[in-house]
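Below, chain A is the first sequence line, B the second, and so on; all start at residue 1.
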Protein chains: 2
Amino acid sequence: MARTQGSHSDITGPKVRETALRLFAQHGYAAVSMRQIAREVGVQVGALYNYTPDKQALLFSLLKGHMDELLATWEAEPRPEGPRERLEAFVRFHIRFNLDRPQAIFISYMELRNLAPENFAVIEAQRKLYEGALEAILRDGQAEGAFSVPDTRLASYALIAMLTGVNTWYRAGGRLSIDEVADIYWDMVRKSVSAG
Amino acid sequence: MARTQGSHSDITGPKVRETALRLFAQHGYAAVSMRQIAREVGVQVGALYNYTPDKQALLFSLLKGHMDELLATWEAEPRPEGPRERLEAFVRFHIRFNLDRPQAIFISYMELRNLAPENFAVIEAQRKLYEGALEAILRDGQAEGAFSVPDTRLASYALIAMLTGVNTWYRAGGRLSIDEVADIYWDMVRKSVSAG
DNA sequence: CCTTGTTCTGAACGCTCGTTCAGTTAATCT
DNA sequence: AGATTAACTGAACGAGCGTTCAGAACAAGG
């Protein structure tokens with residue numbers, strides 16, 4: 001029996017991606033089998049290959065989709081005047097975006113090494129684009145005298161790591177709301193780049 | 001033929017651990033096979049089981065050894081007077097310790113989910129002990145009025161993430177020495193916890 | 001109602017996995 | 001020299017892996 005009622009490409013396709021994202025985030029790409037994904041989707045393993053040419057392409061597609069959305073959403077954000085305001089916008093955007101998609105963020109940082117080299121290069125370029133946006137803000141602010149940052153490249157790495165770290169401990173429904181978390185992080189970021 | 005000349009437990013044992021650490025860091029626990037470890041050590045796969053009861057115990061032993069060393073080394077560090085001096089000591093210690101053992105740090109953050117639950121609990125408790133040391137410094141400094149940190153728990157997470165992030169970009173022989181990196185990070189940390 | 005095309009099943013392919021173990025080799029002990 | 005033991009080999013175990021594919025089931029179009 002195939003094609004049971006209500007089972008279409010429009011439903012199975014997204015379901016495959018959602019399930020793969022969840023399982024990859026939970027157990028890691030290498031530890032998750034195609035059969036396991038199929039079981040949770042509710043199909044036989046062969047059916048998965050209607051939606052991806054292979055397992056590697058499935059991982060890449062998830063990461064690529066995530067990075068595309070990250071870059072597009074960031075570029076659609078309002079761009080305030082002044083380095084300080086722009087830095088604040090970046091901090092709040094990054095925290096909000098990350099906390100809204102914990103699984104995608106997780107595999108974006110953990111599964112890079114499981115990408116084939118040519119796929120890795122694509123994702124890495126996108127990530128550098130995004131991190132470059134932060135460094136540009138720091139550089140402008142330093143030039144204008146708004147910040148005191150001796151090494152903007154290094155500072156951008158430090159701040160990105162700090163902000164992305166939110167995902168390791170934040171749990172929805174905890175004692176702090178996303179906005180409260182963003183307030184506290186922005187306070188630390190603001191001071192860390194100011195004249196000391 | 002077994003027991004070729006110069007091949008003893010004293011040599012093979014450490015070699016197994018070193019090789020496993022390197023491969024786990026490079027490809028991930030789930031993606032590395034016992035046969036691959038054996039090949040790089042230069043023995044048949046069966047010989048590995050003279051040094052570990054199974055693959056999981058090998059991972060746990062590496063992580064446990066690393067955490068033991070981290071805690072012991074930190075406790076052996078001189079403990080300066082005053083919160084500000086103690087915070088600086090922590091920052092410099094953390095960066096130095098991490099950059100000296102990039103592979104062990106890497107698997108300590110990446111392979112936690114591949115630990116069996118009872119093993120995970122052990123490592124997690126040790127990690128909390130270490131992170132608690134930072135929070136205690138922040139709490140004392142806040143109480144004494146040396147720092148301005150509204151939420152010491154959250155600030156400790158933020159700082160740990162920032163400091164640990166050094167490992168993702170630092171490469172020995174780059175344009176900055178470890179001490180120069182530590183100077184810059186300490187500058188940012190110092191300002192981020194100060195009155196703004 | 002019959003054809004066409006999409007979606008899925010069920011089974012199979014060759015391969016690798018972690019782990020076990022009887023037997024072999026070589027160093028050590030008596 | 002002979003016995004003992006630690007270290008390792010070589011082969012095997014059952015299980016699971018990613019991937020392929022012929023054919024079945026169903027929806028849609030004429």
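- In this structure, A:Gln56 places its CD atom 9 Å from P of D:dT19, rounding to the nearest Å.
- Residue A:Thr12 places at least one side-chain N or O under 4.0 Å from the OP1 or OP2 atom of C:dC8.
- Checked by atom type, the side-chain pair B:Glu135/B:Thr152 shows a donor-acceptor distance below 3.5 Å.
- Counting only N and O atoms by type, the side chains of A:Gln126 and A:Asp68 include a donor and acceptor under 3.5 Å apart.
- At C:dC8, one or more side-chain N or O atoms of A:Tyr51 fall inside 4.0 Å of OP1 or OP2 (strictly under the cut-off).
- Classified by interplanar angle (parallel below 30°, tilted 30° to 60°, perpendicular above 60°), the ring pair B:Phe97/B:His66 is tilted.
- Between A:Ser33 and the phosphate of D:dC17, there is a side-chain N or O to OP1/OP2 separation shorter than 4.0 Å.
- In this structure, A:Arg39 atom CZ and C:dT9 atom P are separated by 14 Å, rounded to whole Å.
- The CG atom of B:Leu48 sits 15 Å away from the C1' atom of C:dC21 (whole-angstrom rounding).
- One N or O on the side chain of A:Lys55 and one on the backbone of A:Val32 form a donor-acceptor pair closer than 3.5 Å.
- Put simply, CG on B:Asn114 is 12 Å from P on C:dG18, counting in whole angstrom units.
- Side chain of B:Val45, nearest nucleotide from C:dT7, D:dA11, C:dT9: D:dA11.
- For the pair A:Gln36 and B:Asn50, both in contact range of DNA chain D, the more 5′-proximal nearest nucleotide belongs to B:Asn50.
- Between A:Ile11 atom CD1 and C:dC8 atom C1' the separation is 14 Å, expressed in whole Å.
- Whole-Å rounding puts the B:Leu58 CG to C:dT19 C1' distance at 14 Å.
- Comparing atom distances between the B:Gln44 side chain and each of C:dC8, D:dG18, D:dG10 picks out D:dG10 as nearest.
- For a distance-only test at 3.5 Å, the side chain of A:Arg35 fails to qualify as a donor-acceptor partner of the base of D:dG16.
- Taking atom OH on B:Tyr49 and atom P on C:dT20, their separation rounds to 7 Å, with Å as the unit.
- Looking at heavy-atom distances under 4.0 Å, B:Val32 makes contact with sugar-phosphate atoms alone, never a base.
- Ring pair B:Trp74/B:Tyr130 is perpendicular by interplanar angle, where above 60° counts as perpendicular and below 30° as parallel.
- One interatomic measurement links the two molecules: CE of A:Met34 to P of C:dT9, which rounds to 14 Å at whole-angstrom precision.
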